[in-house]
Amino acid sequence: MLKILKLITFTLLSMSVLAESIESINKGKHIEISGFDCADKSTHMIEWLGLGTDYRSFVVKDVERELYNQQPGSQLLKLECTGEPELLTGALPQDGVEAKAILMRFSVTFPLKATVNLSGTIWVLSIDQNYYAENLNLLTDRKLTKKFTVKGSSKQ
């Protein structure tokens, strides 16, 4: 019996270590997040967006804002990054040499699965959250566009 209790305790502690949470923009609520570690190796590029280094936080907050604007009263419960983000760059060769290029554009798309409570009904959404930064070669007039795309949904 003692071995079973130790196993249960170990399992519960292991699960709590694996699950991260971020405070919701809805006061007193938290959102479970997972899978975002697959983008850690690209943090140096994600910083080009100008939103800081904590991409987990800004992705969650942007998804929340979009969801709550579209469905007031909803609550994001869980957000999972389901794969490596898609990274695209655009550069202008300098002096006609591609090895000496100036970064002009950068795009990153996070493939996400969101679990949302909407008036007591749980929905799972497949989402692409995209960020497109342009004019990165300029000190002023930089532009950032955010695009939230729901690719699919299912009622739980």
Side-chain angles (χ1 to χ4, degrees), residues 10-26 29-71 74-94 96-118 121-156:
F10 175 76
T11 304
L12 290 174
L13 288 173
S14 298
M15 289 172 59
S16 67
V17 168
L18 294 176
E20 291 181 73
S21 73
I22 288 184
E23 192 172 327
S24 172
I25 58 178
N26 287 339
K29 305 284 185 178
H30 285 84
I31 299 156
E32 181 183 331
I33 63 167
S34 62
F36 283 88
D37 55 331
C38 67
D40 285 349
K41 65 183 178 192
S42 303
T43 302
H44 67 286
M45 294 174 71
I46 295 169
E47 287 181 40
W48 296 339
L49 298 172
L51 298 173
T53 59
D54 188 3
Y55 66 90
R56 289 168 172 84
S57 183
F58 71 71
V59 169
V60 171
K61 299 303 183 227
D62 289 338
V63 168
E64 272 194 287
R65 282 186 200 97
E66 195 63 41
L67 285 171
Y68 302 160
N69 283 337
Q70 292 184 21
Q71 293 293 329
S74 62
Q75 176 61 49
L76 180 61
L77 303 173
K78 181 178 179 180
L79 192 64
E80 176 185 358
C81 189
T82 59
E84 290 191 19
E86 178 184 33
L87 306 167
L88 300 171
T89 59
L92 181 65
Q94 189 175 27
V97 181
E98 285 188 31
K100 292 183 178 182
I102 298 172
L103 182 68
M104 298 178 61
R105 297 179 295 282
F106 174 65
S107 173
V108 59
T109 302
F110 292 90
L112 305 168
K113 182 170 85 172
T115 304
V116 182
N117 183 340
L118 178 58
T121 303
I122 305 299
W123 288 86
V124 176
L125 308 176
S126 174
I127 297 169
D128 276 348
Q129 179 66 36
N130 173 263
Y131 299 87
Y132 177 67
E134 54 190 319
N135 298 332
L136 295 175
N137 55 318
L138 305 175
L139 295 177
T140 59
D141 297 325
R142 290 184 176 195
K143 183 178 175 187
L144 178 66
T145 304
K146 301 174 186 180
K147 186 175 180 186
F148 173 87
T149 305
V150 176
K151 297 174 17 177
S153 64
S154 63
K155 190 176 175 182
Q156 298 297 294

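The structure presented is a predicted model; accordingly, all values stated were derived computationally and were not measured.
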*Which atom names give the shortest non-hydrogen contact between Val60 and Ile31, and what distance separates them?*
CG1-CD1, 3.8 Å

*Check: Ile33 and Val59 side chains under 4.5 Å, non-hydrogen atoms*: no

_Please find the pair of heavy atoms, one from Leu76 and one from Leu79, that lie closest to each other, and give the distance._
CD2-CB, 4.4 Å

*Applying the side chain to side chain contact (heavy atoms under 4.5 Å, CB included) test to Leu112, which of Thr82, Val63, Leu125 qualifies?*
Val63

*Is there a side-chain contact between Phe110 and Asp62, using heavy atoms and a 4.5 Å cut-off?*
no

*Could you tell me which non-hydrogen atom of Pro85 sits nearest to which non-hydrogen atom of Val108, and how far apart they are?*
CB-CG2, 3.7 Å

*Looking at Pro111 and Asp128, what are the two nearest heavy atoms and their distance?*
CA-OD1, 3.8 Å

_Test side-chain contact (heavy atoms from CB on, under 4.5 Å) on Ile46 and Phe58; report intermediate values, then the result._
CA-CA 11 Å; Ile46 295 169; Phe58 71 71; 3.7 Å; yes

*Could you list the residues that satisfy side-chain contact (heavy atoms from CB on, under 4.5 Å) with Ile25, not counting sequence neighbours?*
Lys61, Glu64, Arg65, Tyr68

*Is Phe148 close to Leu67 at the side-chain level, that is, under 4.5 Å between some pair of heavy atoms?*
yes

*Which pair of heavy atoms, one from Leu138 and one from Arg142, lies closest together, and at what distance?*
O-NE, 2.9 Å

*Kindly indicate, with the supporting measurements, whether the criterion side-chain contact (heavy atoms from CB on, under 4.5 Å) is fulfilled by Gln156 and Thr115.*
CA-CA 9 Å; Gln156 298 297 294; Thr115 304; 5.9 Å; no

*Are the side chains of Leu92 and Asn137 in touch, meaning some heavy atoms are under 4.5 Å apart?*
no

*List the steps, then state whether side-chain contact (heavy atoms from CB on, under 4.5 Å) holds for Gln129 with Lys146.*
CA-CA 7 Å; Gln129 179 66 36; Lys146 301 174 186 180; 4.2 Å; yes

*Can you name the residues that form a side chain to side chain donor-acceptor pair (under 3.5 Å) with Asp40, not counting sequence neighbours?*
Tyr55, Arg56

_Backbone N/O of Glu134 and side chain of Arg105: donor-acceptor pair under 3.5 Å_ = no

*Return yes if a side-chain donor-acceptor contact under 3.5 Å exists between Asn26 and Gln75, otherwise no.*
yes

_Least distance between heavy atoms, Glu23 atom then His30 atom_ = CA-CD2, 3.7 Å

_Non-hydrogen side-chain atoms of Lys147 and Tyr132 separated by less than 4.5 Å_ = no

*For Lys78 and Ser34, run side-chain contact (heavy atoms from CB on, under 4.5 Å): C-alpha distance rounded to whole Å, both residues' side-chain angles, the deciding distance at 0.1 Å, then the answer.*
CA-CA 8 Å; Lys78 181 178 179 180; Ser34 62; 4.2 Å; yes

_Set of side chain to side chain donor-acceptor pair (under 3.5 Å) partners for Thr149, sequence neighbours left out_ = none

